[in-house]
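Working notes for the structure below.
Because only heavy atoms are used, hydrogens play no part in the values below, and waters and symmetry mates are left out as well, while side chains stay in.
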Amino acid sequence: MIVSVASKKRNCGPKTRSGCHTCKIRRIKCDETRPKCLRCSKTGRKCDGYGLRNATVPASNRQGLDDIQRLYIHTPGNSQEKRAFQYFINRTAVELSGFYSSPFWERLILQASTKEPALRHAVIGIGALHEHYVNGTLNYDIDGQSPAFAVSQYTKAIGHLRKSLANGTQAPLTALMSCILFVCFDSLRGYFTSAMVHLHGGLKILRDLRFDSSADTDIIEENLGPLFSRLSLQSILYVETTTTETRRDFAVQLSYIRLKDEEVHDTFETLEDARTCLNQAVDGLFRVFYLCDGALPINQQPRESYAMFAKYYTQLQAWNSAFENFMAAKSQALNGKELRGAAVLKIHAMIVKIMAEACPGIDDERSVGEVMSDYATFEPFINEFRIIVSLCRSVTAAIEQDIKLGKPALNFSTDLGIVGPLYYVCCRCRDFPLRNQAMDLLRRYPRREGMWDSEVGVRMVKEFWALEERHMAFQKDSIEVLGINVPLVEVVDLVFTDEMRWEWIWKDPLKQLSRESSMDTLRSVGGWADMVRNGVSYGSSTKDKGLGASFPDTFHFFKHDRNSSPSP
């Protein structure tokens, strides 16, 4: 006899998305005990916590744009806090995305801030500070103070983060996102030292998570890793005023950023693919150059730097070819914002290409710093500089057209845009009419891009041009009278303190010298000429004022560092 057995159906209730990551992977119900669920603890498993994974679900599946715009209604806080939060949603988040779409700024951080007090107060603080910046009421004077309300929110955010870290309830993702917000806040108000502290803090968290097999790996690789990489790239002006040892340590920290290793194909599918691939090559080259010491010839640099340079320079060349194919095939389909983003990518690629190709050959016995501060080094790149200025002019014109049409000006971003490249052209290009055009564009484009500010850039370029003219006059005297070629790297420092204060200084005792210097004057500078003849830098016997570096690597990647001993 055949017995029919009915299959037993499982009664399924509504699915929950609020459990810990470990239980989700195991596909079991989580008891949701915080900070560690009991189900994991009782079985001896590591509970990966709850984090912010729900917030990364695409907005099209969870909330529409209208819901994002109404987030402030459900956000705790008084009327002033709600107003600043709304300003962040409507204005700041859009600008922080720059010329590209950013799930982090446009969706993830907004949703996460409704649940995490540290993130919420940081977002409110940035929104309030940004409004002061837009209105021209943010004071960068030495004795000026940041707006009290914005600073109080920033302080509250740090307090909440410290409290949760102390009691062990803070998810690593929240800590990473907080670091990003703190870097943005301090960069906008000009507190670069503090911004770098937060950046280093985030890189240390990434280091600790590097070998963690938690369910947050994809979030870090797709959202947070690229952001930390871009924040690190735009901090070059600060990093290059530190010692060689500090820069090498920073290069090691950058290696902990989780990025997907994208292979360069013949073309790109999307503009974001092109951006990701370029960032990968540029990030690699920056790490190479941070490892090196400009006081040494190229053949005495760390051995690992050669293979790394070859790898990432090859990637950069492949990127250029693939990007040309992409633009030839799909440029007609790009909207206005995407076309500007594409122009900025090309600008950055050309700047890095110049920096890389300007490096001396293996047979050049001069120090890399000397080669890279030689006026003749950049003469072969006039055509590249011309293209960069042309693209920057197009981007600037498009932004000005938007303003005429009543659209808000994009004046604050966490990404490098065109301020840094224009500054580089002004200081390195040997075509004087062309670099004057770059200067005019800097004046026309008031904008803060991370630690790069266009107005500060204009002042620094003017000061550099005056020093450059002075050096050329001194160079003529030193060759005619003493037969000595004194590189600019030996006589100029860029000194950084804080609160937007950057200063070019002429090293003692050379600041007393001028074109009218006589041989007696040149010989009475306390043995300086003898030290030059003997290959000793005068700077090695002087003290720094603040945080300074000789001719920073915004001009070249290898620098003459007078604060550290040569590498073995």
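- The residue from I124, I109, V94 that alone fulfils the side-chain contact (heavy atoms from CB on, under 4.5 Å) condition with F88 is I109.
- Between Q153 and L129, the closest side-chain pair of non-hydrogen atoms is not below 4.5 Å.
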(request) Apply side-chain contact (heavy atoms from CB on, under 4.5 Å) to H348 and V282, showing your working. (result) CA-CA 9 Å; H348 292 172; V282 173; 5.8 Å; no
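- Taking a 6.0 Å sphere around CG of N135, one finds it holds more than 12 heavy atoms contributed by other residues, nucleotides or ligands.
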(request) Mind running side-chain hydrogen bond (donor to acceptor under 3.5 Å, both in side chains) on T276 and N279 for me, showing each step along the way? (result) CA-CA 5 Å; T276 300; N279 285 341; 5.8 Å; no
(message) Under the criterion side-chain contact (heavy atoms from CB on, under 4.5 Å), I'd like the reasoning laid out for L96 against S413: C-alpha separation, chi angles, the key distance, then a yes or no.
(response) CA-CA 4 Å; L96 287 169; S413 174; 5.8 Å; no
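- With ring centers used as reference points, H121 lies 6.0 Å or more from Y154.
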(request) Evaluate side-chain contact (heavy atoms from CB on, under 4.5 Å) for E95 paired with W105, printing each intermediate quantity in order. (result) CA-CA 9 Å; E95 295 206 19; W105 293 116; over 6 Å; no
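- Salt-bridge check for R120 with E116: failed, with every basic side-chain N at 4.0 Å or more from each acidic carboxylate O.
- Counting heavy atoms from C-beta outward, I180 and F185 have side chains that stay 4.5 Å or more apart.
- Note: F250 and H200 meet the aromatic proximity criterion, with ring centroids under 6.0 Å apart.
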(request) Could you walk me through whether Y191 and R189 pass the side-chain hydrogen bond (donor to acceptor under 3.5 Å, both in side chains) test, one step at a time? (result) CA-CA 6 Å; Y191 282 53; R189 65 173 179 162; 4.6 Å; no
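- Heavy-atom contacts from other residues, nucleotides or ligands closer than 6.0 Å to CD of E269 number 12 or fewer.
- At least one donor-acceptor pair under 3.5 Å links the side chain of E81 to the backbone N or O of N78.
- Crowding of E455 atom CD: a count of heavy atoms from other residues, nucleotides or ligands under 6.0 Å not exceeding 12.
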(message) E449 vs Q234, test: side-chain hydrogen bond (donor to acceptor under 3.5 Å, both in side chains). Steps then yes/no.
(response) CA-CA 8 Å; E449 296 168 351; Q234 56 94 342; over 6 Å; no
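- What you find for M177 and A112 is that their closest heavy atoms are CE-CB, 3.7 Å.
- Of the listed residues (L391, T396, L442), just one forms a side-chain contact (heavy atoms from CB on, under 4.5 Å) with I418, and that residue is T396.
- In this structure, R248 does not pair ionically with E245, as no charged nitrogen and carboxylate oxygen lie closer than 4.0 Å.
- Checked by atom type, the side-chain pair D249/T246 shows no donor-acceptor distance below 3.5 Å.
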(request) Take S194 and D186 through the test side-chain hydrogen bond (donor to acceptor under 3.5 Å, both in side chains) and record every step on the way to the result. (result) CA-CA 6 Å; S194 180; D186 281 326; 2.7 Å; yes
(request) Dump the intermediate steps for side-chain contact (heavy atoms from CB on, under 4.5 Å) on V344 and R340, then the final yes or no. (result) CA-CA 6 Å; V344 171; R340 298 173 201 176; 5.5 Å; no
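- Side-chain atoms of T414 and M451, non-hydrogen and from C-beta on, never get closer than 4.5 Å to each other.
- Figure legend: R447 and F412 shown without cation-pi pairing, the cationic atom not lying both under 6.0 angstrom from the six-membered ring centre and within 45 degrees of its axis.
- A salt bridge links E131 and R83; the closest N-O separation between the charged side-chain nitrogens and carboxylate oxygens is under 4.0 Å.
- The closest side-chain heavy-atom distance from S101 to E272 is not below 4.5 Å.
- Salt bridge K204/D208: absent, no basic N to carboxylate O contact under 4.0 Å.
- Counting heavy atoms from C-beta outward, D415 and F99 have side chains that stay 4.5 Å or more apart.
- Using a cut-off of 4.0 Å between Lys/Arg side-chain N and Asp/Glu carboxylate O, D402 and K337 are scored as not salt-bridged.
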